[in-house]
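The next block holds one structure in the form of structure tokens; read it before the comments.
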Amino acid sequence: MREQNYKNHRKFYPPHHFIYLPLLIVLEILGIYKIWDDPENKLIWILFSTVIFLLFYLAFMTRQHYALGLQNRMVMLEFKQRYFEIFGQRSDETAYKLRFDQIAALRFAYDDEFRELLYRALHENISGDEIKRSIKNWRADHQRI
């Protein structure tokens with residue numbers, strides 16, 4: 001991706017999103033189908049479907065929990081560092097007034113727009129999505145997963 005913007009800023013991990021999870025979905029559909037199609041082994045197919053569902057749920061939740069939790073901490077630290085660099089003071093009070101979606105969206109704005117959008121977020125309570133849509137000069141983040 002050469003230029004990042006609002007429309008293409010989301011990122012996928014192909015082995016997880018396009019192989020492992022779809023495979024689990026296909027196996028789950030197969031297991032549910034076999035519950036009705038193979039009444040002699042119904043209990044085995046119920047167990048199979050339950051195990052596949054639990055694997056899907058575990059894979060989804062574990063990935064989400066660890067990756068996003070760590071990245072959210074990094075986004076908060078990045079906001080605090082950037083705020084200090086721009087304004088020369090701690091951001092604790094300001095960060096407390098913002099929602100995480102607003103802080104995360106501000107990452108995509110360069111310093112000149114950051115100030116204006118931060119002001120709007122604090123005084124007009126615009127959402128993170130509104131902040132992203134308001135950015136004229138997108139500051140790419142190629143490292144967020």
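Residue indices begin at 1 and follow the sequence shown.
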So, do Tyr6 and Asp129 sit near enough that their side-chain heavy atoms are less than 4.5 Å apart?
yes
Look at the side chain of Asn5 and the backbone N and O of Asn8, then say whether any donor-acceptor pair between them is shorter than 3.5 Å.
yes
Can you tell me how far apart NE2 (His65) and CG (Leu70) are? Round to the nearest 0.5 Å.
10.5 Å
Is the side chain of Arg139 donor-acceptor paired with the backbone N or O of Arg107 at a distance under 3.5 Å, no angle test?
yes
Asp37/Lys34 salt bridge by N-O under 4.0 Å criterion:
yes
Please say yes or no: joined through hydrophobic side-chain contacts below 4.5 Å, possibly via intermediate residues, are Phe53 and Ile35 part of one cluster?
no
For Asn125 and Arg99, which I'm curious about, is there any donor-acceptor pair between the side chains at under 3.5 Å?
yes
For the student: nearest non-hydrogen atoms of Ala105 and Gly128, plus distance:
CB-O, 3.2 Å
Minimal non-hydrogen separation, Leu122 against Lys97, with atom names:
CD2-CB, 3.8 Å
State whether the number of non-hydrogen atoms from other residues, nucleotides or ligands found under 6.0 Å of Phe18 atom CZ is greater than 12.
yes
I'd like to know whether CD of Glu93 has more than 12 heavy-atom contacts from other residues, nucleotides or ligands below 6.0 angstrom.
no
When rounded to the nearest 0.5 angstrom, what distance separates CZ in Arg90 from CG in Asp92?
4.0 Å
Value rounded to 0.5 Å, distance of NZ in Lys7 from CH2 in Trp138:
11.5 Å
Is there a side-chain contact between Ile52 and Phe56, using heavy atoms and a 4.5 Å cut-off?
no
In terms of heavy-atom contacts, Lys132 and Phe108 come closest through CE-CE1, 3.9 Å
I'd like to know if the side chain of Gln102 and the backbone of Ile131 have a donor-acceptor N/O pair within less than 3.5 Å.
no
How about Glu40: does its CD atom have over 12 heavy atoms from other parts shown lying under 6.0 Å from it?
no
Heavy-atom side-chain contact between Leu117 and Ser134 under 4.5 Å:
yes
Cluster link Tyr33 to Ile44, ILVMFWY, side chain under 4.5 Å:
no
Would you check if Phe79 and Phe100 make a side-chain contact, meaning some heavy-atom pair closer than 4.5 Å?
no
For Phe87, is the NZ or CZ atom of Arg115 found under 6.0 angstrom from the centre of its six-membered ring and inside 45 degrees of the ring axis?
yes
Testing the basics here: between Leu21 and Ala59, what is the closest heavy-atom pair and its distance to 0.1 Å?
CD2-CB, 4.4 Å
Hydrophobic cluster membership, Phe84 vs Ile103, 4.5 Å side-chain cutoff:
no
Residue pair Met76 / Ala95: nearest heavy atoms and the distance that separates them
CE-CB, 4.4 Å
Rounded to the nearest 0.5 Å, the OH atom of Tyr83 sits from the CZ atom of Phe114 at a distance of 8.0 Å
Looking only at atom types and distance, does a side-chain atom of Ser91 sit under 3.5 Å from a main-chain N or O of Thr94, one as donor and one as acceptor?
no
Heavy-atom distance under 4.5 Å between the side chains of Phe60 and Tyr57, does that happen here?
no
Atom CG of Leu27 and atom CD1 of Ile32: how far apart are they, to the nearest 0.5 Å?
11.0 Å
According to a 4.5 Å side-chain heavy-atom criterion applied to Ile, Leu, Val, Met, Phe, Trp and Tyr, with indirect links allowed, do Val51 and Leu24 form part of one hydrophobic cluster?
yes
Please give me the minimum heavy-atom distance between Val75 and Ala104, naming the atom from each residue.
CG1-CA, 3.8 Å
Asn137 backbone acceptor or donor facing Glu113 side chain under 3.5 Å:
yes
Can you tell whether the side chains of Asp111 and Arg82 come within less than 4.0 Å, N to carboxylate O?
yes
Rounded to the nearest 0.5 Å, what separates atom CD1 in Ile86 from atom CG in Asp112?
9.0 Å
If hydrophobic clusters are built from ILVMFWY residues whose side chains come within less than 4.5 Å, do Met61 and Leu58 share one?
no
Look only at the side chain of Glu28 and the backbone of Ile25, and say whether a donor-acceptor pair between them is shorter than 3.5 Å.
no
